[in-house]
Every structure is written in structure tokens, then in C-alpha cells.
Novice: 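I have a structure I would like to understand better, so I am pasting it below and will then ask my questions one at a time.
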Amino acid sequence: MKLRPILTALTLAVVTVAAPGIGVLTGTTEAYAATKISHATATSMFRSSGITWSSSGGCSDRNNPTCTSFDQLNLASAQGAQTLKRAAGCALNITGGTETGHASGTYSHWNGYKLDFGKSTCLTNYVKNTFTYIGVRGDGALQWQSGSGNVYADEGSHWDVTYYNCGGC
């Protein structure tokens with residue numbers, strides 16, 4: 001028996017469980033402690049990956065529903081957007097972040113788990129051809145789930161993405 005692969009796997013398991021903001025979800029109802037980031041940190045991450053963002057109000061105030069804010073975004077959500085950009089190779093424009101005005105709940109925009117992406121043929125084709133269709137959400141939005149468990153809901157004018165993790169970052 002080789003000891004090195006066993007030690008490597010054990011170390012990875014311990015790091016995954018003990019690292020703040022990182023962990024394996026055992027179900028879609030189990031919340032975990034998430035590492036929150038600032039608007040400035042998120043925009044820097046997005047800019048470095050070629051991801052753009054816009055708001056109908058041209059602002060970033062978390063308390064204004066016409067703004068697009070990333071204040072208190074989960075690090076895993078920002079990393080998930082970066083993973084999506086790399087994997088899909090599409091232009092990505094974020095149209096919704098952590099600002100007020102979205103539906104409430106544990107895995108909500110306000111709590112840092114969701115981002116909205118503007119629709120494009122490239123992104124829509126990637127989601128529908130790569131991920132697994134999982135049915136209709138309570139509000140009628142069709143949903144697809146990535147291999148890592150993140151959920152992409154087609155809300156008509158945009159994709160509403162719930163990031164339970166960074167999507168394999």
C-alpha cells in the first residue's frame with residue numbers, strides 16, 4: 001500500500017472541512033459559514049477575469065435596488081463566476097448582485113449566494129448543453145444544475161445563478 005496518496009487524500013479532507021468558507025454541502029438546505037468579500041474585492045476579481053457588470057441605476061449601493069452591488073458577496077460566488085467565465089468562454093455581464101430588491105431566503109442575493117448574468121446565446125447554449133436540466137422552479141423558471149451543484153435558473157431576461165460553491169475553482 002502506498003502511504004503518500006492516502007496522506008494526500010486525508011490532508012485534503014481535513015483542509016476542506018476546516019477551512020473557513022469552504023465545505024461540502026450535504027444538501028441544498030444546509031447553510032455553511034461563507035467568506036464575505038467587499039465590492040472592491042469582487043470587482044477586482046471580475047475585472048481580472050474579463051467579467052463585466054452593469055446596473056440600471058449606474059451605481060453600486062447595496063441598499064438601492066437599481067444598483068448592482070457586490071458588498072457581502074460570498075467569495076465562492078465570485079470564484080464561481082470566474083469558473084463559469086473560464087469554462088464557457090463567453091462574455092459575461094453581471095446585472096444583479098447583493099443589492100436589495102431580490103427574493104429573500106437563505107441562498108439569496110442579499111446573503112451573497114446569487115448573481116444574475118445578462119442573457120447571451122453563448123451563455124444560454126453553454127448552460128443548456130453542459131448542465132443537467134432539473135425542472136421548473138416554484139416561480140416557473142426552468143433550472144439546470146452544474147456538476148458541482150450550482151443552479152442556473154432561466155428568468156427570461158437573465159440567468160439567476162445560485163452558487164453553493166466555487167464550481168471547481
Novice: Quiz question: by atom type and distance under 3.5 Å, do the side chains of W53 and S60 form a donor-acceptor pair?
Specialist: no

Novice: Who are the ring pair (Phe, Tyr, Trp, His ring centres under 6.0 Å) partners of H158, not counting sequence neighbours?
Specialist: none

Novice: Sequence neighbours left out, what passes side chain to side chain contact (heavy atoms under 4.5 Å, CB included) with N64? Give chain and number order.
Specialist: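 Testing N64 for side chain to side chain contact (heavy atoms under 4.5 Å, CB included), a comparison that skips the adjacent residues, returns C59, D61, T66, C67.
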
Novice: According to side-chain hydrogen bond (donor to acceptor under 3.5 Å, both in side chains), who are the partners of R86, at least two apart in sequence or on a separate chain?
Specialist: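 Counting only residues at least two positions away or on another chain, R86 forms a side-chain hydrogen bond (donor to acceptor under 3.5 Å, both in side chains) with T83.
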
Novice: Strictly under 6.0 Å, is that where the ring centroids of Y113 and Y164 end up?
Specialist: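 Ring centroids of Y113 and Y164 are no less than 6.0 Å from each other.
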
Novice: For residues 101-126, which residue pairs qualify under salt bridge (Lys or Arg N to Asp or Glu O under 4.0 Å), counting only residues two or more places apart or in two chains?
Specialist: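 Qualifying pairs, neighbours excluded: K114-D160, K119-D154.
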
Novice: With sequence neighbours excluded, tell me which residues meet ring pair (Phe, Tyr, Trp, His ring centres under 6.0 Å) with W110.
Specialist: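 Partners of W110 by the ring pair (Phe, Tyr, Trp, His ring centres under 6.0 Å) criterion come out as none, since no residue qualifies.
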
Novice: My understanding is that only residues two or more places apart in sequence, or in another chain, count here; which of them pass ring pair (Phe, Tyr, Trp, His ring centres under 6.0 Å) with Y152?
Specialist: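 Once residues adjacent in sequence are excluded, the partners of Y152 under the ring pair (Phe, Tyr, Trp, His ring centres under 6.0 Å) criterion are F131.
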
Novice: Under 30°, 30 to 60°, or over 60°: which ring-plane class applies to F46 and F70, parallel, tilted or perpendicular?
Specialist: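 Perpendicular, since the angle between the ring planes exceeds 60°.
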
Novice: List in chain and number order the residues that pass side chain to side chain contact (heavy atoms under 4.5 Å, CB included) with S38, two or more places apart in sequence or in another chain; answer none if no residue qualifies.
Specialist: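 Listed in chain order: A40, T41.
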
Novice: Please identify each residue that fulfils side chain to side chain contact (heavy atoms under 4.5 Å, CB included) with A91, with sequence neighbours left out.
Specialist: none

Novice: For the residue pair Q82 and S49, what are the closest heavy atoms and their distance?
Specialist: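 Shortest heavy-atom contact: NE2-OG, 2.9 Å.
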
Novice: Can you list everything that forms a side-chain hydrogen bond (donor to acceptor under 3.5 Å, both in side chains) with D139? Sequence neighbours excluded, please.
Specialist: R137

Novice: Return each pair, listed once, that meets disulfide bond (SG atoms under 2.5 Å apart) where at least one residue sits in residues 73-116; pairs must be two or more places apart or across chains.
Specialist: C90-C122

Novice: Not counting sequence neighbours, list each pair that qualifies as a salt bridge (Lys or Arg N to Asp or Glu O under 4.0 Å) and has a residue in residues 38-60.
Specialist: none

Novice: Which residues pass the side-chain hydrogen bond (donor to acceptor under 3.5 Å, both in side chains) test with Q143, sequence neighbours left out?
Specialist: none

